[in-house]
Amino acid sequence: MMRALLISLVSCLLAVNQAIIMHRCDVAKLLHKEDLHGFEGYPLSAWLCLAFVESKFNASKIKENADGSFDYGIFQINSHYWCNDYLSHSENLCHTDCIELLNPDLLSTVNCVKKIVSGGGGLNNWIEWKLHCSGRPLSYWMTGCRLA
């Protein structure tokens with residue numbers, strides 16, 4: 001019952017706020033500001049590719065998975081391991097509430113992805129990365145973006 005109520009509440013909040021679709025270059029600026037360029041050897045273009053294939057730059061995206069967990073935000077961070085959504089058991093390895101991962105300032109999101117990528121596997125922790133970004137030319141993701 002509590003789970004259904006919380007899902008309904010989150011859904012209503014998102015419906016009121018609508019999707020927060022960010023511009024690719026704005027995402028690049030925020031990620032650069034938070035020192036993701038070169039983090040664990042990944043350039044900004046890699047992070048942009050990941051954000052696009054996971055959420056189409058939608059900072060407010062929430063997706064329910066078959067196991068009952070949810071993926072949150074621009075990088076679709078999973079509630080079972082990385083954040084607490086108060087709906088089911090969570091390891092909460094990023095020590096954050098999942099709702100924080102929906103903030104378009106991306107601060108909690110960046111802190112969490114740094115933990116995920118540093119823990120081993122790098123961006124290969126995301127299936128969409130392996131399917132759509134890994135081993136492909138990525139420099140075009142930065143086309144037209146000025147970071148300063």
Side-chain angles (χ1 to χ4, degrees), residues 3 6-7 9-11 13-14 17-148:
R3 178 184 171 135
L6 190 54
I7 291 170
L9 176 62
V10 170
S11 297
L13 289 173
L14 291 177
N17 291 330
Q18 297 183 353
I20 302 171
I21 309 297
M22 302 176 71
H23 186 275
R24 173 179 51 87
C25 291
D26 292 337
V27 173
K29 286 177 191 174
L30 285 170
L31 299 181
H32 185 264
K33 179 182 160 200
E34 296 304 319
D35 297 321
L36 268 186
H37 179 63
F39 186 79
E40 295 291 328
Y42 295 102
L44 276 180
S45 55
W47 297 100
L48 291 174
C49 184
L50 176 63
F52 182 79
V53 299
E54 285 291 341
S55 69
K56 307 285 190 279
F57 301 123
N58 182 353
S60 61
K61 182 177 179 183
I62 300 174
K63 181 187 92 180
E64 185 172 8
N65 299 304
D67 67 358
S69 67
F70 290 82
D71 295 336
Y72 289 86
I74 201 163
F75 292 116
Q76 291 293 278
I77 296 170
N78 186 265
S79 64
H80 182 74
Y81 299 105
W82 303 106
C83 63
N84 191 353
D85 63 2
Y86 300 97
L87 299 175
S88 60
H89 173 74
S90 173
E91 299 294 323
N92 196 11
L93 297 172
C94 287
H95 307 290
T96 191
D97 290 342
C98 296
I99 202 84
E100 295 289 325
L101 302 175
L102 304 177
N103 192 325
D105 72 7
L106 303 182
L107 294 176
S108 294
T109 299
V110 168
N111 289 333
C112 190
V113 297
K114 284 180 175 179
K115 287 180 184 174
I116 295 169
V117 171
S118 297
L123 293 181
N124 287 318
N125 285 297
W126 284 268
I127 292 169
E128 296 299 319
W129 162 263
K130 292 191 277 190
L131 293 174
H132 303 289
C133 303
S134 182
R136 297 175 189 236
L138 301 173
S139 61
Y140 66 89
W141 285 102
M142 292 299 297
T143 302
C145 297
R146 293 188 181 154
L147 301 177

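What you see is a predicted model; the values in this text were computed from it and never measured. Side-chain atoms are counted along with the backbone in the values below, which use heavy atoms only and exclude waters and symmetry mates.
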For this session: Go through Leu36 and Lys114 one step at a time and tell me if the side chain to side chain contact (heavy atoms under 4.5 Å, CB included) criterion holds.
Result: CA-CA 8 Å; Leu36 268 186; Lys114 284 180 175 179; 4.0 Å; yes
Problem set entry | Asn78 vs Asn65, side chain to side chain contact (heavy atoms under 4.5 Å, CB included): CA-CA, chis, key distance, verdict | CA-CA 9 Å; Asn78 186 265; Asn65 299 304; 3.2 Å; yes
Exercise. For Phe70 and Ser88, what are the C-alpha separation, side-chain angles and deciding distance, and is it a side chain to side chain contact (heavy atoms under 4.5 Å, CB included)?
Worked result: CA-CA 10 Å; Phe70 290 82; Ser88 60; over 6 Å; no
Exercise. Between Leu106 and Met22, is a side chain to side chain contact (heavy atoms under 4.5 Å, CB included) present by the stated rule, with each step listed?
Worked result: CA-CA 11 Å; Leu106 303 182; Met22 302 176 71; 4.3 Å; yes
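A donor-acceptor pair under 3.5 Å is formed between the side chain of Asp67 and the backbone N or O of Ser69. Put simply, the side chain of Lys61 gets close to the backbone of Glu54: a donor and an acceptor are under 3.5 Å apart. Arg136 places a side-chain N or O within donor-acceptor distance of the main-chain N or O of Leu131, the cut-off being under 3.5 Å.
What you find for Cys94 and Lys115 is that their closest heavy atoms are O-NZ, 3.5 Å. Residues Leu30 and Pro104 share a closest heavy-atom pair of CD1-O, 3.4 Å. Across every non-hydrogen atom of Ala19 and Asn58, the tightest pair is CB-ND2, 3.7 Å.
Rounding to the nearest 0.5 Å gives a distance of 11.0 Å between OG of Ser55 and CD1 of Ile20. If you take NZ on Lys63 and OG on Ser79, they are separated by 11.0 Å, rounding to the nearest 0.5 Å. Atom CG of residue Leu147 and atom CG of residue Leu44 lie 6.0 Å apart, to the nearest 0.5 angstrom. The CH2 atom of Trp141 lies 10.0 Å from the CG atom of Leu50; values are rounded to the nearest 0.5 Å. The CD1 atom of Ile74 sits 11.5 Å away from atom CG of Asn103, with the distance rounded to the nearest 0.5 Å. Expressed to the nearest 0.5 Å, how far CH2 of Trp129 lies from CG of Asn124 amounts to 8.0 Å.
Checked against the 6.0 Å centroid criterion, the rings of Tyr72 and Trp82 do not qualify as a close aromatic pair.
Side-chain contact check for Cys133 versus Leu123: every heavy-atom pair is 4.5 Å or farther apart. Side-chain contact check for Ile21 versus Lys56: every heavy-atom pair is 4.5 Å or farther apart. By the 4.5 Å heavy-atom criterion applied to side chains, Trp126 and Val113 are counted as neighbours. Within the 4.5 Å cutoff, the side chain of Pro43 has heavy atoms near those of the His37 side chain. Between Ile77 and Thr109, some side-chain heavy-atom pair lies under the 4.5 Å cut-off. Using a 4.5 Å heavy-atom threshold, the side chains of Tyr81 and Ile116 count as separate.
Between Tyr42 and Trp47, the ring planes are perpendicular. Angles over 60° get that label, and only those under 30° would be called parallel. His89 and His80 have perpendicular rings, their planes meeting at more than 60° on a 0 to 90° scale where under 30° would count as parallel.
No donor-acceptor contact under 3.5 angstrom links the side chains of Ser90 and Asn92, judged on distance only. Between the side chains of Asn84 and Asp97, no donor N or O sits under 3.5 Å from an acceptor N or O.
Every pair tested for side chain to side chain donor-acceptor pair (under 3.5 Å) that includes a residue from residues 20-35 fails, sequence neighbours excluded, so the list is empty.
Residues passing the side chain to side chain contact (heavy atoms under 4.5 Å, CB included) test with Ser108, sequence neighbours excluded: Thr96, Glu100, Leu101.
Cys pair Cys112/Cys83: SG-SG separation is not below 2.5 Å.
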